[in-house]
Every structure is written in C-alpha cells, then in structure tokens.
Amino acid sequence: RRLSVLVSRTRIARRRMPMSDIAEIMGKNLHRLRKESGCSLEQMAIVCGVHKNTLWKLENGKGSTGKVQMWVKICERLGCRMEDMMKEGE
C-alpha cells in the first residue's frame, strides 16, 4: 500500500497539498525525530529493512514517500504515530 492512501485521509490532503510537499514535511519530521531518539541512519535502516540511502533520500525530500510498511516500522522505532510524521512546523 502506498502512503498516498493514508495521506488522503489527513488534514494535509484537505488542503490539497502536492505529494512532493508532503514528502518534504515527513522527511523533516523523520530527521528531527530520528536525531532526538539518538538513532543513526544506519541503525534506522536496519530496523526498517531498507538501505540507509533510502532513508537519507526520505529525510531530504529526494524521493517518493515510500511504502506504508516502512513508515510503520519507522514510527514504531521512534515511538510516534503516522500523523506525527505528517504535521507541519514541528
């Protein structure tokens, strides 16, 4: 399942924000929450089962938003909810 399905049900979608902007918001939140948790890119990649370059691209808005399963693993590791990743201005 693609992340766009979940995004369509959030406040962001109600504003009709492009997926590229959503990816940027989620990437910034991922970076901030990962740093706050003290987890390295490599550690997070291992937990999520993806390459660390994939996470770097997510954090820097350089790719797609990825799949829901990956974000679920990220949120579990960081102790947050998917909605936390989609909040602007955090």
Side-chain angles (χ1 to χ4, degrees):
R1 226 166 89 181
R2 298 299 296 183
L3 189 59
S4 58
V5 174
L6 287 179
V7 169
S8 67
R9 298 181 183 145
T10 67
R11 184 180 312 150
I12 291 173
R14 289 184 215 124
R15 292 182 28 214
R16 291 187 169 78
M17 185 178 288
M19 283 303 288
S20 59
D21 291 350
I22 295 167
E24 184 179 341
I25 290 167
M26 292 180 72
K28 287 179 180 179
N29 287 330
L30 169 57
H31 181 77
R32 179 182 53 80
L33 291 167
R34 182 182 61 77
K35 288 290 190 178
E36 287 174 3
S37 75
C39 187
S40 72
L41 259 173
E42 191 166 356
Q43 291 168 331
M44 184 67 72
I46 291 168
V47 168
C48 297
V50 298
H51 196 277
K52 67 180 180 179
N53 287 344
T54 301
L55 290 178
W56 182 90
K57 286 178 183 179
L58 288 173
E59 287 188 355
N60 291 284
K62 304 288 184 193
S64 70
T65 54
K67 295 191 176 187
V68 172
Q69 299 92 318
M70 179 187 61
W71 283 101
V72 168
K73 290 178 184 178
I74 290 171
C75 290
E76 285 174 354
R77 169 61 179 89
L78 296 174
C80 66
R81 300 173 304 155
M82 189 74 82
E83 294 84 13
D84 298 330
M85 289 292 179
M86 296 180 201
K87 289 182 183 174
E88 290 183 85
E90 294 294 310

S.K.: Any chance you could measure Ile46, atom CD1, to His51, atom NE2, to the nearest 0.5 Å?
M.R.: 10.5 Å
S.K.: Ignoring hydrogens, what is the shortest heavy-atom contact between Leu78 and Ser37? Give both atom names and the distance.
M.R.: CD2-OG, 3.5 Å
S.K.: Which pairs with one or both residues in residues 39-48 pass salt bridge (charged side-chain N to carboxylate O under 4.0 Å, His left out), sequence neighbours excluded?
M.R.: none
S.K.: Side-chain contact, heavy-atom cut-off 4.5 Å: Met26 with Trp71?
M.R.: yes
S.K.: Taking atom CG of Asn60 and atom CG of Leu30, what is their separation to the nearest 0.5 Å?
M.R.: 9.5 Å
S.K.: Looking only at heavy atoms, which two atoms of Asp84 and Lys87 are closest? And how far apart?
M.R.: OD1-NZ, 3.4 Å
S.K.: Quick check: closest heavy atoms across Met70 and Thr54, and the distance to 0.1 Å?
M.R.: SD-CG2, 4.5 Å
S.K.: When rounded to the nearest 0.5 angstrom, what distance separates CD in Gln43 from CZ in Arg34?
M.R.: 9.0 Å
S.K.: Going hydrophobic residue to hydrophobic residue with side-chain gaps under 4.5 angstrom, can you get from Val72 over to Ile74?
M.R.: yes
S.K.: Is there side-chain contact between Glu88 and Asn29, with at least one heavy-atom pair below 4.5 Å?
M.R.: no
S.K.: How long is the span from the NZ atom in Lys62 to the CG atom in Asn53, to the nearest 0.5 Å?
M.R.: 13.5 Å
S.K.: Return the set of residues passing salt bridge (charged side-chain N to carboxylate O under 4.0 Å, His left out) with Arg77 (not counting sequence neighbours), or none when no residue passes.
M.R.: none
S.K.: Write down the atom of Cys75, the atom of Met85, and the distance for their closest heavy-atom approach.
M.R.: SG-CG, 3.9 Å
S.K.: Assess the residue pair Val68 and Met82 against the criterion (side chain to side chain contact (heavy atoms under 4.5 Å, CB included)); give the C-alpha distance rounded to whole Å, side-chain angles, the decisive distance to 0.1 Å, and a yes or no.
M.R.: CA-CA 9 Å; Val68 172; Met82 189 74 82; 4.3 Å; yes
S.K.: Could you point out which residue of Lys35, His31, Lys28 forms a side-chain hydrogen bond (donor to acceptor under 3.5 Å, both in side chains) with Glu59?
M.R.: His31
